Asks: 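Quick one: the structure is below, questions incoming.
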Number of protein chains: 2
Amino acid sequence: MTKIVQIKQTRIQREKRLLIQKAALQVFSEFGLRGATLDKIAKACGLTKPNILYYYSSKDEIYAEVLQSLLEEWIRPLKDISENGDPLKEILKYVQKKLTMSKTKKQESKLFATEILHGAPLTQNILAGSLKETVDDKVKLLNKWISEEKIAPVDPYHLIFSIWSMTQHYADFDVQVYSLLNTKKRSRIFQDAEDFLLTFFTRCLKQD
Amino acid sequence: MTKIVQIKQTRIQREKRLLIQKAALQVFSEFGLRGATLDKIAKACGLTKPNILYYYSSKDEIYAEVLQSLLEEWIRPLKDISENGDPLKEILKYVQKKLTMSKTKKQESKLFATEILHGAPLTQNILAGSLKETVDDKVKLLNKWISEEKIAPVDPYHLIFSIWSMTQHYADFDVQVYSLLNTKKRSRIFQDAEDFLLTFFTRCLKQD
DNA sequence: TATTTTTTTGACCAAATGGACAACTATTTA
DNA sequence: TAAATAGTTGTCCATTTGGTCAAAAAAATA
């Protein structure tokens, strides 16, 4: 008796898996892993619960896959900071990219935040692995720029943390941010945020 | 028939309610509202589940009370920014206070973050109410300082957001922060963070 | 078009969980 | 110390929820 392993996905499998992932991202980011239910995901994508379980063997597997595909995307922009560009410009470009992600990938940001907040049970190895590698690499670059007096001296690790926290704040804490701004400022929030952040980091890093 | 309403709490009630609140904070901050179970809370404080429900009528009520008492404490430091002190010093003092809270009140920070992240169902009115009042008040003060040229011009709302996000990051994302730092830097993380933040805000706000 | 394979679903199950309650114990008060 | 009140718990229940399964429907293939 041979076990038959399906290698190639059918068209329907590709479509439905994507559909489920999208719905799952939405539901997980709103309710967290434990607050999300298969029924909610099912409703969100218009499939039945058993049908979802035909494509994924468990809720946890869906979560793991959604998180996995998010993580790669999440780390990527950091890698783009280039040794060759103008140091300050490269950093500001990164800030802008992260801020844009907060605007356009709010669900992803929230899901990531929830995961880390609750101890990163599925992400720890990635944090300590490929993310740490990339961060260490960029820390070296930042230190080089500092020693060459191309940017003002700061702790590069904490500089990176500050970029992450300030930009992601606009996605993760959007409810708070919106609550505190009046209608006028609310409509130009990302514009204002960009102005603020660019000014901020420029003042802090500019070498005079 | 008269309905008897108990006004004064007994000693045991005070003690046990506090015990439950402490345990609940711990469990809620780790698992979120939906991930936390009465059994977990019961175990964490060494009481039985029915016993907990003798003091609180539901899980949601416990959550609401824990969150409520946290919120007041959370907002308070902002109020301490004084019109009378030296502007830059007042702001830096606030940064320091918030950073200290991230160190000593990690659970509170995480619980607050989770609540906001998931739409602040129980907090929205407070955000839009007393917090907004306080923020608006301080925004006025910051604008005054700017117009008097005592600090450099920045958007005061976003300045406040930046303080919140950067300081709270060390509590909420501790797992990530720790994963990325080596042992040596890990042990002086809050020291380094303080140095970084004070330098950062000084460079950004100093009027020359 | 007949056959095989993939996809879908209604009905069902077991475990987890929030909560009720009556009986019992400990504490307070008169 | 007796009566009243407050506190505690074992047991039970209903709902929610992750997941199963066999049978039906749809799609792909020969």
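It should be emphasised that the depicted structure is a prediction, and the values quoted were computed from it without experimental measurement. Quick note on labels: first sequence line is chain A, next is B, and so on, each numbered from 1.
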Asks: Using only side-chain N and O atoms of Tyr54(B), determine if any of them is under 4.0 Å from OP1 or OP2 of dT8(D).
Replies: no

Asks: State yes or no: are the ring centers of Tyr170(A) and Tyr178(A) separated by less than 6.0 Å?
Replies: no

Asks: Starting from P on dA6(D), measure out to CZ on Arg14(B) and report it in whole angstrom.
Replies: 14 Å

Asks: Any side-chain N or O of Gln13(A) less than 4.0 Å from the OP1 or OP2 oxygen of dT6(C)?
Replies: no

Asks: Does dT9(D) have OP1 or OP2 sitting under 4.0 Å from an N or O in the side chain of Asn51(B)?
Replies: yes

Asks: Mind listing the closest non-hydrogen atom pair of Leu33(B) and Lys59(B) along with its distance?
Replies: O-NZ, 2.9 Å

Asks: Nucleotide by nucleotide, 5' to 3', does protein get under 4.0 Å of the base (B), only the sugar-phosphate (S), or neither (-) in nucleotides 13-27 of chain C, counting heavy atoms?
Replies: ----SBBBB------

Asks: Would you indicate whether Lys132(A), at its atom NZ, is surrounded by more than 12 heavy atoms from other residues, nucleotides or ligands within a distance under 6.0 Å?
Replies: yes

Asks: Please give, in whole Å, the distance from dG7(D) C1' to Gln9(B) CD?
Replies: 14 Å

Asks: Considering only residues two or more places apart or on different chains, which pairs with a residue in residues 29-42 of chain B satisfy salt bridge (Lys or Arg N to Asp or Glu O under 4.0 Å)?
Replies: none

Asks: In this structure, how many angstroms lie between the C1' atom of dT20(D) and the CD1 atom of Ile52(A), rounded?
Replies: 15 Å

Asks: Rounded to whole Å, please give me the gap between CG in Leu47(A) and C1' in dG10(C).
Replies: 16 Å

Asks: Considering only NZ, NE, NH1 and NH2 on the basic side and carboxylate oxygens on the acidic side, decide whether Arg76(A) and Glu72(A) come within less than 4.0 Å.
Replies: no

Asks: Separation of Glu15(A) atom CD from dA26(D) atom C1', in whole Å?
Replies: 14 Å

Asks: Can you find a side-chain donor-acceptor pair between Gln21(A) and Tyr55(A) that sits under 3.5 Å?
Replies: no

